[in-house]
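Every number for a ligand or one of its atoms is a count from 1 in the order of the listing.
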Amino acid sequence: MSNLPHISNWIDGTHAIPSTERLEVIDPATETVLATVDATSRETVDSIIRQSQKTFRNGPWSHADPSDRFAVLSKAAVLLRSRIPEFVELETQQTGRPIREMRAQLARIPEWLEYFASLARVHQGQVTPFKGPVVNTLTRLPVGVVAQITPWNHPLLIATKKIAAALAAGNVVIVKPSEMAPLSVLRLGSLFQEAGLPDGTLQIVCGYGRDTGKFLCENPTLAKIDLTGGLATYKAIASNAAVNMIPITAELGGKAPVCLLPSLDVELAVKAALFASFIASGQTCVTGSRLLVHVDLYDRFVALLQRRVNALRVGDPTDVRTQIGAVISQGSVDRCAAFVERAVKEGGRVLCGGQPTHVNGKGFFFQPTVIETHPGSDLSCNEVFGPVIALIKCDSEEQIISVANDSQFALGASVWSNDFAQAHRVADKIEAGIVWINGHHLNDPSSPWGGFKESGMGKENGLEAFESYTKVKSTIINYGIQPTWFDDEIENARYG
Ligand code: TXE
């Protein structure tokens with residue numbers, strides 16, 4: 001027997017009996033196995049969903065007063081905030097992301113619980129201007145048992161965003177974290193229990209996407225699926241969900257343009273590019289993976305960018321000085337290398353990096369890489385999901401806009417300029433779900449987050465996310481219209 005910890009699914013308020021099939025969770029910076037988790041079978045998934053349906057129908061949460069939901073989610077925020085250091089350590093280990101990033105990111109996650117707790121408490125129904133002596137109330141009800149499929153790049157942030165919105169609205173949640181980094185999400189089970197969430201309201205089920213995720217999403221009794229992942233995963237689950245009339249929120253890939261306009265100070269432009277492109281080693285859906293630089297800025301920008309990228313400290317993620325950590329897997333390293341190779345074949349010029357690397361002889365690392373290329377190249381069009389960035393010289397504002405929009409993705413985009421009118425003009429013409437002016441990656445629980453085109457549909461965050469976890473019930477209260485239709489004298493009788 002191995003001494004590795006095994007963390008089994010969190011079901012009905014406890015860690016379930018471990019499955020026989022298990023999968024290993026690897027620290028991508030050291031290639032050591034951190035723990036094993038369940039590889040959950042179809043039979044178990046189906047039984048968890050059946051139990052969750054009973055909990056939704058008969059359990060207290062779906063009928064709880066909004067003030068009770070507020071209290072539980074607020075307490076969960078307090079508990080999470082008090083445990084951030086332990087979550088930071090775990091998140092750094094399982095993702096290989098630098099500890100300085102994880103500290104900054106995780107410190108804000110309790111805000112999602114606070115925000116959705118508050119929404120639960122203050123959200124109001126409506127009364128419509130219904131004609132006549134009638135009062136028509138619209139109330140929002142929880143939708144039911146919802147499945148949340150979450151990724152490995154921001155494991156705790158993305159799961160918490162989704163869980164908070166769904167619980168605030170009164171649903172029963174089954175979350176399947178990524179097989180690559182499920183450990184921090186698994187810890188949420190006992191945290192919510194301590195906060196007072198009734199057992200069975202948050203179920204955490206582990207396994208491979210192709211198996212456990214698929215089994216979950218194929219179940220016809222779900223009320224909603226909320227996915228953050230790849231387009232291929234969306235396509236794998238969409239047809240069944242459509243037939244089963246299950247709505248999907250999908251937060252998929254991106255190819256965010258970083259539009260750098262000539263009025264910018266070159267130092268700021270380079271800082272903007274570094275921040276947009278290399279946070280999380282480029283593994284976020286809004287990574288600034290296309291630097292679209294105006295010709296008037298280009299040469300100065302490139303010279304400084306090269307110096308700054310070459311000086312980035314790739315290293316042990318647990319070292320506070322490390323700026324660039326690991327990528328998630330060997331597969332990701334290979335994918336980055338293949339992108340570099342194709343970019344060079346297409347005439348691209350590697351300005352920085354371009355190679356896999358190791359730290360202390362181990363780990364899945366890739367050098368921060370910038371490749372000068374042209375619009376329409378493989379690197380300009382397709383998502384790497386790693387630290388390999390396309391640099392494109394643009395002759396004009398118009399060309400920056402047209403290159404920015406010439407993509408099947410439309411999630412994030414940033415526009416950087418000191419020229420107020422130009423910044424707004426360009427931002428106005430960019431097709432993307434999220435456009436930043438003089439910023440990138442800025443995020444808040446109140447701010448809807450989601451893309452257009454193949455970047456997905458629906459929103460995380462904000463009122464939009466909360467309402468997407470509800471269904472509207474219309475109650476029509478008649479206090480003056482008589483049901484006289486089949487009487488003899490039906491003058492002015494009202495039908496509808
Ligand atoms: O994601 P997957 P991967 C995008 C990004 C990246 C690509 C692939 O473009 O290059 O996705 O990354 C579960 N039924 N993003 O392969 O596989 C899986 O177990 C049900 C964008 O890591 O989509 C995991 O829990 N579930 C993104 C989740 O889907 C399935 C973050 C995501 O994994 C499944 C991550 C199936 N058939 C990747 N197959 C973002 N928007 O931030 C997989 N899963």
Side-chain angles (χ1 to χ4, degrees), residues 23 25 28 37-40 42 45 94-95 97 105 147-159 161-162 174-186 204-219 222 225-241 246 248-256 279-287 289 327-336 338-339 364 381-388 407-412 432-434 441 443 449-461:
L23 62 93
V25 182
V37 297
D38 291 347
T40 311
R42 185 188 284 276
V45 167
Q94 65 173 355
T95 62
R97 292 185 54 188
Q105 182 177 73
Q148 301 181 334
I149 309 288
T150 63
W152 46 263
N153 55 342
H154 313 290
L156 192 67
L157 172 69
I158 293 177
K161 272 178 174 186
K162 294 186 194 294
I174 304 176
V175 55
K176 196 210 77 69
S178 169
E179 56 271 41
M180 309 281 221
L183 302 177
S184 52
V185 178
L186 275 165
I204 305 169
V205 182
C206 290
Y208 294 106
R210 61 173 186 266
D211 300 326
T212 308
K214 177 173 182 284
F215 305 149
L216 186 57
C217 294
E218 280 178 356
N219 190 292
L222 295 176
I225 297 171
D226 192 341
L227 162 72
T228 297
L231 181 62
T233 303
Y234 169 76
K235 288 187 173 169
I237 65 176
S239 49
N240 261 306
I246 301 169
I248 302 180
T249 294
E251 218 277 61
L252 309 175
K255 193 75 195 176
I279 286 277
S281 294
Q283 302 168 111
T284 93
C285 49
V286 293
T287 291
S289 51
V327 293
I328 194 68
S329 62
Q330 183 59 43
S332 179
V333 172
D334 296 344
R335 188 175 158 86
C336 291
F339 262 99
F364 313 129
C381 297
N382 295 307
E383 188 179 39
V384 182
F385 222 67
V388 181
S407 171
Q408 77 266 33
F409 299 109
L411 182 54
I434 308 157
H441 291 295
N443 188 8
W449 179 279
F452 305 150
K453 301 187 193 171
E454 289 187 0
S455 287
M457 56 193 189
K459 301 287 179 192
E460 293 179 324
N461 292 356

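In this structure, the protein non-hydrogen atom closest to atom 18 (C) of ligand 1 is Glu179 OE1, 3.5 Å. Shortest contact from atom 42 (O) of ligand 1 to any protein heavy atom: Asn153 ND2, 3.1 Å. Scanning the protein for heavy atoms near atom 6 (C) of ligand 1, the closest one is Phe385 CG, 3.8 Å. The shortest contact between atom 29 (O) of ligand 1 and any protein heavy atom is with Ile149 CG2, 3.2 Å. In this structure, atom 12 (O) of ligand 1 lies nearest to the protein heavy atom Trp152 NE1, 4.4 Å. Protein heavy atom in closest approach to atom 41 (N) of ligand 1: Leu252 O, 2.8 Å. Of the protein's non-hydrogen atoms, Gly230 CA, 3.8 Å is the one closest to atom 7 (C) of ligand 1. For atom 2 (P) of ligand 1, the closest non-hydrogen atom on the protein side is Thr233 OG1, 3.5 Å.
Close approach to Cys285 involves these atoms of ligand 1, each under 4.0 Å from a residue heavy atom: 40 (C), 41 (N), 42 (O). Residue Gly213 approaches ligand 1 through these ligand atoms, each under 4.0 Å from one of its heavy atoms: 14 (N), 20 (C), 26 (N). With ligand atoms numbered from 1 in the order given, ligand 1 contributes 14 (N), 20 (C) to contacts under 4.0 Å with heavy atoms of Ile237. When each atom of ligand 1 is checked for a heavy atom of Glu383 under 4.0 Å away, the hits are 5 (C), 9 (O). For ligand 1 and Pro151, the ligand atoms under 4.0 Å from any heavy atom of the residue are 31 (C), 35 (C).
Put simply, the side chain of Glu179 gets close to the backbone of Gly209: a donor and an acceptor are under 3.5 Å apart. Proximity of a side-chain donor or acceptor of Thr40 to a complementary backbone N or O of Cys206 within less than 3.5 Å is detected. The closest donor-acceptor contact from the side chain of Lys176 to the backbone of Gly207 lies under 3.5 Å. Within the 3.5 Å criterion, the main-chain N or O of Gln283 finds no donor-acceptor partner in the side chain of Ser281. Between the side chain of Lys459 and the backbone N or O of Gly450 there is at least one donor-acceptor pair closer than 3.5 Å.
Between Ser329 and Pro28 the shortest side-chain heavy-atom distance does not fall below 4.5 Å. Side-chain contact between Lys161 and His154 is absent, with no heavy-atom pair separated by less than 4.5 Å. No side-chain heavy atom of Cys217 sits less than 4.5 Å from a side-chain heavy atom of Asn240.
Under the 4.0 angstrom criterion, atom 26 (N) of ligand 1 counts as having a protein heavy-atom contact. Within a 4.0 Å radius of atom 16 (O) of ligand 1, the protein contributes no non-hydrogen atoms.
When non-hydrogen atoms are compared, ligand 1 lies under 4.0 Å from the side chain of Ala236 (C-beta onward) but not from its backbone. With a 4.0 Å heavy-atom cut-off, ligand 1 is reached by no atom of Leu216. Of the heavy atoms in Glu251, both backbone and side-chain atoms come closer than 4.0 Å to ligand 1. Neither the backbone nor the side chain of Leu411 comes within contact range of ligand 1; no heavy atom lies under 4.0 Å.
With values rounded to the nearest 0.5 angstrom, Leu216 atom CG is found 10.5 Å from Arg42 atom CZ. Annotation: the span from Thr233 atom OG1 to Lys214 atom NZ amounts to 12.5 Å, rounded to 0.5 Å.
The closest non-hydrogen atom to atom 14 (N) of ligand 1, taken over Lys235, Lys214, Lys176, comes from Lys214.
There is no side-chain donor-acceptor pair under 3.5 Å between Ser289 and Glu383. Side-chain contact of Lys162 with Thr228: a donor-acceptor pair under 3.5 Å is present, judged by distance alone.
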